[in-house]
Structure formats: structure tokens, C-alpha cells
Amino acid sequence: MAERVEQEEIFSQVLRAGRRTYFFDVRATKADDYYLTVTESKKFTHDDGSFHYQKHKIYLYKEDFNDFKEMLNKATDYIVTQKGSEVISERHQKDFKKTTESFVEQTAESFTDLSFDDI
């Protein structure tokens, strides 16, 4: 089976978003027309400290640009309309941090009330 060879990048932009990085690359076809690749790269760290990246890529051609933008706008508008623009995972992380801090404070207080007579 022939391996697909990527064409040279003409234009590139990078969006870093936490553990994810998005690459927007304009490439040229053999007929010297342009198309877009969007690559999501996500970093996974193993228990031993080593890591690997998992990548997903889509190819988007000019004939699909208008429909793609329209569908993307509809989908993102729907999400914001239904759920607002607040990032829920950040809210949960803040709540988790508050809960963890409260637990640590309560645990520390219970240990400070110990005396050697208790042992």
C-alpha cells in the first residue's frame, strides 16, 4: 500500500490549549491548489514520566470551506446559547481545588489537637 506523503506547508498557525495543540496548515496539492489540514495533538504522560502525543487530522478542501464554516458557526453558537461561554471544566477544577483545600485544612486541624498523652 502506498504511503501518503504530506505536501510542504505554505502557511501555518499554532493554537496551544492546555494539553492540546492545534495546527492549521495550508498545503499545496499536486495541481498547485491549496487545502487546509487541521491537526489536534494531545500530550499523554505515562506514570514513569515518559510521554507520547496522539494526533488527529482532518483535510479540508476549498469546495467545502463555506459549508464547513457555516456548520462550525451553527454548532459553536448552539453550544454558547445552550450552555454559555463559561468553561465548565475550569469551574469544576476550581470547585475541586476548594474542596481539597478545605479537606486539607480540616485534616491539619484534627492533627494539631493531638497530644503525646493520646499516643
Engineer: Holding to ring-ring contact (aromatic ring centres under 6.0 Å, His included), I want the full list of residues that pass it with Tyr53, two or more places apart in sequence or in another chain.
Structural biologist: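 By the ring-ring contact (aromatic ring centres under 6.0 Å, His included) rule, Tyr53 matches Phe51.
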Engineer: Can you list the residues that meet the side-chain hydrogen bond (donor to acceptor under 3.5 Å, both in side chains) rule with Ser50, with sequence neighbours excluded?
Structural biologist: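 For Ser50, the residues satisfying side-chain hydrogen bond (donor to acceptor under 3.5 Å, both in side chains) (neighbours in sequence not counted) are Asp48.
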Engineer: With sequence neighbours excluded, what pairs up with Thr81 under the side chain to side chain contact (heavy atoms under 4.5 Å, CB included) test?
Structural biologist: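 Testing Thr81 for side chain to side chain contact (heavy atoms under 4.5 Å, CB included), a comparison that skips the adjacent residues, returns none.
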Engineer: Linking Ile, Leu, Val, Met, Phe, Trp and Tyr through side-chain heavy atoms less than 4.5 Å apart, which residues share a cluster with Val80?
Structural biologist: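 Result for Val80 is none, singleton.
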Engineer: Identify every side-chain donor-acceptor pair in residues 65-75 under 3.5 Å, counting partners at least two apart or on other chains, and give the distances.
Structural biologist:
unit_1: Glu70; atom_1: OE2; unit_2: Lys74; atom_2: NZ; d: 3.2
unit_1: Asn73; atom_1: ND2; unit_2: Lys69; atom_2: O; d: 3.3

Engineer: Please identify each residue that fulfils side-chain hydrogen bond (donor to acceptor under 3.5 Å, both in side chains) with Asp32, with sequence neighbours left out.
Structural biologist: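 Checked Asp32 against side-chain hydrogen bond (donor to acceptor under 3.5 Å, both in side chains); zero matches.
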Engineer: What distance do Asp64 atom CG and Leu36 atom CG have between them, rounded to the nearest 0.5 Å?
Structural biologist: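 Separation between the atoms: 11.0 Å.
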Engineer: Does any non-hydrogen side-chain atom of Phe23 lie less than 4.5 Å from one of Ser41?
Structural biologist: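 Answer yes - side chains close enough.
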Engineer: Are the side chains of Tyr35 and Leu60 in contact, using a 4.5 Å heavy-atom criterion?
Structural biologist: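 No, side chains not in contact.
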Engineer: Could you give all pairs that pass the salt bridge (charged side-chain N to carboxylate O under 4.0 Å, His left out) test and reach residues 35-44, with sequence neighbours left out?
Structural biologist: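 Applying salt bridge (charged side-chain N to carboxylate O under 4.0 Å, His left out) to every pair that reaches into residues 35-44, excluding sequence neighbours, yields Arg20-Glu40.
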Engineer: Check whether any side-chain N or O of Thr29 sits under 3.5 Å from a backbone N or O of Asp33 as a donor-acceptor pair, and report yes or no.
Structural biologist: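 Here the side-chain-to-backbone pair exists.
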Engineer: Does Thr39 have any side-chain hydrogen bond (donor to acceptor under 3.5 Å, both in side chains) partners at least two apart in sequence or in another chain, and if so, which?
Structural biologist: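 Result, side-chain hydrogen bond (donor to acceptor under 3.5 Å, both in side chains) vs Thr39: none returned.
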Engineer: Flag the pair Thr21 / Val14 as yes when at least one side-chain heavy-atom distance between them is below 4.5 Å, and no otherwise.
Structural biologist: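 Yes, at least one pair of side-chain atoms sits under 4.5 Å.
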Engineer: Can you measure from OH (Tyr61) to OH (Tyr59) and round to the nearest 0.5 angstrom?
Structural biologist: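 Reported value, rounded in 0.5 Å steps: 7.0 Å.
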Engineer: Any chance you could pull the hydrophobic cluster mates of Ile79, using side-chain heavy atoms under 4.5 angstrom and chaining through other members?
Structural biologist: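 Traced through the cluster, Ile79 reaches no other member.
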Engineer: Check side chain to side chain contact (heavy atoms under 4.5 Å, CB included) between Tyr34 and all other residues, then give those that pass, not counting sequence neighbours.
Structural biologist: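 Tyr34: side chain to side chain contact (heavy atoms under 4.5 Å, CB included) contacts with Ile10, Val26, Ala28.
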Engineer: Could you list the cluster mates of Phe44? Members are the ILVMFWY residues connected by side-chain heavy atoms closer than 4.5 Å, either directly or through other members.
Structural biologist: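 None; Phe44 is a cluster of one.
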